[in-house]
Amino acid sequence: MGTHESGPSFLIQNGDENNGFLSIGSESLSLKDWVLENPKVLGEKVVQKWGSDLPFLFKVLSVAKVLSIQAHPDKELAKVLHKFMPNLYKDANHKPEMALAVTHFEALCGFISLEELKVVLDNVPEIEELVGSEDANKVFDITDRDDENKVMSVLRSIFTHLMSASKEMITTIIAKMKNRLHVESQVRLLTEKEQLVLQLERQYPADVGVISAFFLNHVNLKPGEALYIGANEPHAYIFGECVECMATSDNVVRAGLTPKHMDVKTLCSMLTYKQGYPKILQGVALSPYVTRYLPPFDEFEVDRCQLPQGESAEFPAVPGPSIFVVTFGEGIIYTSDLKGDVITEGDVLFAPANTQISITSASQLQIYRAGVNSMFFQAS
């Protein structure tokens with residue numbers, strides 16, 4: 001839902017861009033073309049910062065099979081990738097993103113801590129066989145006295161060695177690991193990460209992403225918890241349903257758990273190699289029924305609205321545009337000067353800048369709003 005050329009939204013009905021909202025569907029007028037013709041719907045500050053384009057892209061994901069191990073480039077790298085490989089990297093923008101769990105949601109995100117990595121190398125002998133004892137020993141030799149740059153350098157070395165291994169070697173190592181875990185499962189309970197790795201192997205046999213999952217944090221989100229991912233951070237969505245918001249970009253560098261094009265060299269060179277568990281956002285309550293999630297990115301924020309039957313929620317006018325998506329239930333949406341319109345599950349609505357919105361539920365109603373980050377307007 002947005003204006004990116006890879007999957008633009010289209011308008012069902014045109015309204016008064018000053019006072020009304022627009023329904024998004026499958027008619028002929030694209031949201032991008034309409035915004036270009038009516039840039040004031042974005043608000044003055046948004047146009048000054050991002051031009052006549054919606055700065056965020058809104059998605060609903062239902063993940064049944066793991067999505068690729070990937071990272072998104074920062075703006076500088078995105079410009080280079082787009083210039084030299086425009087068929088693979090469709091634009092020159094960065095793509096920070098946030099996933100807000102609708103159901104229980106699982107992901108891999110960021111590198112595990114140094115202590116956890118040492119435990120992995122102790123307990124997964126196939127990794128040392130794959131990367132060599134020299135790289136493995138560098139990890140064990142690191143102490144608390146070593147600076148962060150040294151730790152990152154060692155992690156970069158071992159991870160790049162792993163991801164660059166030959167297909168034949170990966171196939172052999174994963175088969176050996178799979179057999180070992182099968183035998184050991186007869187006498188002990190496998191760890192959560194070991195069970196996950198076997199799940200990944202069933203979906204992507206002999207894929208380097210299976211073994212590399214040992215290096216990444218396994219994150220479990222409850223409904224209403226959110227995970228944000230900055231530039232050059234490795235991640236993969238494993239299972240569950242989420243609402244996802246990101247900067248307007250389609251730049252994805254993949255390196256495992258995918259049949260799509262993989263660019264291992266670029267991915268290994270671009271990662272930050274920061275270690276530690278990612279921050280989980282619980283959101284901030286704006287009212288009894290609305291919770292706001294504010295990632296550290298100017299382009300977007302997300303509101304989660306859960307209305308019991310017969311209750312109402314207000315969305316005050318803001319200086320930027322909003323997109324609403326109804327994920328459950330039915331209700332009536334009002335703007336400041338217009339009569340109410342019925343909204344039901346699956347409806348998507350565009351609200352221009354400076355539009356006050358009120359929603360009343362006819363049944364239990366769940367609706368999400370994406371907009372430009374409130375902190376951007378406060379800072380500017």
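One-based numbering along the sequence shown.
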Decide if the gap between the ring center of Phe300 and the ring center of Phe58 is smaller than 6.0 angstrom.
-> no

Does the ring center of Phe315 lie less than 6.0 Å from the ring center of Phe324?
-> yes

Hydrophobic side-chain clustering at under 4.5 Å (ILVMFWY, transitive links): who's grouped with Val119? Put none if nobody.
-> none

Sidechain-backbone polar pair: Asn217 side chain, Pro278 backbone, donor-acceptor under 3.5 Å | no

Would you say Gln366 has more than 12 foreign heavy atoms packed within less than 6.0 Å of its CD?
-> yes

More than 12 heavy atoms of other groups within 6.0 Å of Gln48 CD = yes

Aromatic rings Phe350 and Trp34: how do their planes relate, parallel, tilted or perpendicular, breaks at 30° and 60°?
-> perpendicular

Think Lys65 forms a cation-pi with Tyr204, using NZ or CZ under 6.0 Å from the six-ring centre and within 45 degrees of its axis?
-> yes

Indicate yes or no for a side-chain donor-acceptor contact from Gln186 to the backbone of Val183 under 3.5 Å, with no hydrogens or angles considered.
-> no

Is there a donor-acceptor pair closer than 3.5 Å between any side-chain N or O of Thr160 and the backbone N or O of Ser157?
-> no

Can you hop from Leu67 to Ile211 via hydrophobic side chains spaced under 4.5 Å?
-> no

Can you check whether Phe111 and Tyr273 have ring centres sitting under 6.0 Å from each other?
-> yes

Does the Lys193 side chain pair with the main chain of Ala213, one donor and one acceptor, at a distance under 3.5 Å?
-> yes

